[in-house]
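Per chain, numbering begins at 1; letters A, B, ... match sequence-line order. Please read all numbers here as calculations on a predicted model, not as lab measurements.
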Protein chains: 2
Amino acid sequence: MASFTSKDVARMAGVSQSTVSYVMTGKRSISEKTRQKVLAAMEQLTYEPHAGARSLAGRRTQVIGLVVPFDAEGKAATLLPFIETIAHCARERDYEVLLVTADQGSAGLRRLAGRALCDAIVLMDILEHDERVPVAAELGVPVVLVGVPADPAGLHCVDLDFEEAARLAVDELAGTHHDEIIVVNWRAGVSERRANFAVRFLRSAHRQAEARGIPLTVVEPADGRYEPPVDRILAGHAGGRLGLVVPNGAMVVPLMHALRRHDVVPGVHISVIGVSPDREAGEYTNVSEEPRDVSRTAMDTLFRLLDPVPGPEIPAIQLLAPRLTRRGTVMR
Amino acid sequence: MASFTSKDVARMAGVSQSTVSYVMTGKRSISEKTRQKVLAAMEQLTYEPHAGARSLAGRRTQVIGLVVPFDAEGKAATLLPFIETIAHCARERDYEVLLVTADQGSAGLRRLAGRALCDAIVLMDILEHDERVPVAAELGVPVVLVGVPADPAGLHCVDLDFEEAARLAVDELAGTHHDEIIVVNWRAGVSERRANFAVRFLRSAHRQAEARGIPLTVVEPADGRYEPPVDRILAGHAGGRLGLVVPNGAMVVPLMHALRRHDVVPGVHISVIGVSPDREAGEYTNVSEEPRDVSRTAMDTLFRLLDPVPGPEIPAIQLLAPRLTRRGTVMR
DNA sequence: TTGAAAGCGATACCAC
DNA sequence: GTGGTATCGCTTTCAA
């Protein structure tokens with residue numbers, strides 16, 4: 001599988017190597033005639049530019065670094081669409097995606113930038129106090145955070161508006177005369193790490209419940225267990241109008257099944273509102289969390305950082321508005 | 001964030017650039033004294049080698065190309081552990097992972113090899129007749145297939161032994177005197193694409209059921225639906241000993257819930273055997289499908305292809321043996 | 001055991 | 001509108 005170089009293309013097209021380069025980059029005008037000759041030669045030879053040479057000479061790798069969490073459970077459902085969307089956005093502009101796992105910490109970031117492995121970085125699953133953020137800010141490479149840390153250090157952030165999501169859920173239950181709200185939290189692991197979406201969601205839920213005058217408590221799955229904490233939910237449930245808010249999208253369906261097994265039917269004896277992508281919320285009232293929208297916004301931001309356009313400033317923090325869709329699991 | 005070059009390191013250590021290179025690659029012996037000087041200088045400058053330059057000069061990218069399917073539903077659960085494991089294996093040897101989505105078809109493969117973006121490729125989710133396989137075989141780059149196509153074209157394959165998995169499941173039901181078996185298949189989409197694991201599983205199940213003299217039929221979810229086809233399962237279920245075999249791991253739990261809602265209890269009124277990773281099969285009898293083992297084997301193979309060692313030949317097809325674990329959802 | 005220097009295959013500046 | 005060429009930062013002969 002002998003590979004051809006731009007020199008070969010140049011020779012075949014009867015032009016200079018630089019002309020070939022300019023045809024590819026479009027950085028200077030080329031007569032249509034020679035353009036065609038060059039393109040024909042490239043076609044003929046099935047020429048592909050050598051990525052390493054290009055990155056060395058042009059200081060552009062055409063690669064986006066993507067730092068993903070793999071530890072986070074329950075993320076499976078949202079992580080894949082995230083990655084998928086980012087891959088597609090990259091491809092649209094002829095960029096590649098280099099995958100780095102979060103367990104490598106800031107070392108991974110330093111490698112990405114130091115070795116000139118990519119032109120820009122998307123950092124997912126940001127913690128409230130994330131050691132990687134200050135490092136990322138010093139990298140000298142555009143970085144977009146998916147999530148909002150306490151101190152973004154000047155970096156751009158994109159995320160779902162979890163505070164608004166909590167408000168929407170609480171308001172819905174308040175508006176339908178519930179007299180108690182329980183937030184079914186992520187497992188201890190997630191909130192202890194203070195994954196910042198969890199923090200923001202809970203804080204906002206508490207605040208809004210107080211504003212609406214409804215008692216709100218939080219329950220978590222038992223240590224190290226994935227099962228929904230149904231017993232503790234039903235324990236104090238005297239028969240009033242109880243509403244459950246479930247920010248962990250992966251837990252909604254298992255929870256509802258568990259409730260039904262106790263003959264407690266969502267929408268009849270109890271209310272359930274989940275936070276999850278619309279397409280997964282077939283049978284329950286949810287607040288939408290759309291990973292695809294978030295990643296697309298992140299990538300748009302990244303590319304605008306890479307090739308600044310004279311348009312309006314990019315907001316430092318972009319929170320995507322969630323939407324509540326009623327599907328009958330809230331008692332009316 | 002000014003970056004340093006190996007020249008800077010050389011100057012600081014008082015040696016030549018080539019010496020620095022040899023310290024990094026270990027391709028020639030260096031006196032311990034100069035080695036330490038060089039390492040100290042690298043440390044001092046937080047030197048990182050420029051990946052592009054390295055790949056240009058050394059014709060090694062230190063990158064593994066990973067081609068993943070994103071369309072495949074129900075894969076979410078197995079796809080992430082796959083990717084994660086591959087990322088870890090790569091990191092262990094200081095390799096990066098470049099992600100390419102399968103929707104790019106063989107164009108993606110040509111890019112990976114043609115642009116010298118990676119040293120080797122892992123191709124996942126191989127179809128029985130996969131247009132990418134012949135292309136991959138001509139790439140001039142080591143390729144490992146996760147899955148077994150009808151014609152591997154000389155490439156190495158790694159996969160779970162789905163035929164053995166089907167045999168295990170059928171044997172278990174035969175051994176417990178069931179008089180009917182239903183395979184609850186993937187959605188039409190998956191088997192129509194003739195994803196080859198589906199093909200192999202079904203073929204083997206049929207064969208083994210015949211050998212054991214048990215009637216076996218196959219049902220699929222309704223068009224475009226994810227819900228388990230419970231109605232069709234229970235329709236012809238006159239009350240004999242019926243065993244369900246569910247190769248689609250993602251469907252086992254939903255199916256069992258649906259059955260219970262019809263007051264049909266797995267292990268009591270009906271039998272259920274799922275195919276899934278052990279850690280996800282908390283409550284049902286399963287045949288193990290361990291994505292982590294498969295990826296690790298694939299990566300080991302890949303690295304042995306990259307740096308051939310004089311040991312024994314690598315088998316062309318490596319099928320990992322599944323194991324059946326009884327957890328009480330099969331009637332005794 | 002080490003150094004000097006010739007590439008690797010692009011880009012982009014300087015001429016014309 | 002096009003061509004020549006220095007340059008990017010590393011690897012790897014060839015010489016010592």
Under the criterion side chain to side chain donor-acceptor pair (under 3.5 Å), I'd like the reasoning laid out for Ser21(A) against Ser18(A): C-alpha separation, chi angles, the key distance, then a yes or no.
CA-CA 5 Å; Ser21(A) 176; Ser18(A) 56; over 6 Å; no

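- Within 6.0 Å of CD on Glu43(A) lie no more than 12 heavy atoms contributed by other residues, nucleotides or ligands.
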Evaluate side chain to side chain donor-acceptor pair (under 3.5 Å) for Ser6(A) paired with Gln17(A), printing each intermediate quantity in order.
CA-CA 6 Å; Ser6(A) 68; Gln17(A) 200 180 8; 2.9 Å; yes

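- Counting non-hydrogen atoms of other residues, nucleotides and ligands closer than 6.0 Å to CD of Gln44(A) gives a total of 12 or fewer.
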Below 3.5 Å between N/O atoms, which protein atoms pair up with nucleotides 13-16 of chain D? Just atom names and distances, please.
none

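- Counting non-hydrogen atoms under 4.0 angstrom, Val15(A) reaches the backbone sugars and phosphates but no base.
- Of all nucleotides in DNA chain C having an atom under 4.0 Å from a heavy atom of chain A, the first and last in 5' to 3' order are dG9(C) to dC14(C).
- Contact annotation: the side chain of Tyr47(A) approaches that of Met24(A) to within less than 4.5 Å [non-hydrogen atoms, C-beta and beyond].
- In this structure the side chain of Val97(A) never reaches within 4.5 angstrom of the side chain of Leu98(B), judged on heavy atoms.
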Applying side-chain contact (heavy atoms from CB on, under 4.5 Å), run through Asp119(B) and Ile64(B) and close with a yes or a no.
CA-CA 6 Å; Asp119(B) 297 331; Ile64(B) 301 294; 5.5 Å; no

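- Residues Glu131(A) and Ser106(A) are in side-chain contact: their nearest non-hydrogen atoms beyond the backbone lie under 4.5 Å apart.
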Table of protein N/O atoms under 3.5 Å from nucleotides 6-8 of chain D N/O atoms:
from, atom 1, to, atom 2, distance (Å)
dC8(D), O2, Ala57(A), N, 3.4

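- As rounded to whole Å, 15 Å separates atom P of dG3(D) from atom NZ of Lys7(A).
- The residue Ser31(A) sits close only to the backbone: its heavy atoms come under 4.0 Å of sugar-phosphate atoms, none of a base.
- Between Pro81(B) and Pro291(B), the closest heavy-atom pair is CB-CG, 4.0 Å.
- Here the side chains of Met299(B) and Leu302(B) are in contact, with some heavy-atom distance below 4.5 Å.
- At whole-Å resolution of the value, CZ in Arg115(A) and C1' in dT11(D) are 16 Å apart.
- In this structure, the side chains of Leu112(A) and Ile121(A) come closer than 4.5 Å at one or more pairs of heavy atoms.
- When the C1' atom of dT11(D) is taken as reference, atom CE of Met24(B) falls 11 Å away, rounded to whole Å.
- Within the 4.0 angstrom heavy-atom criterion, only backbone atoms of the sugar-phosphate kind lie near Thr34(B); the bases stay farther away.
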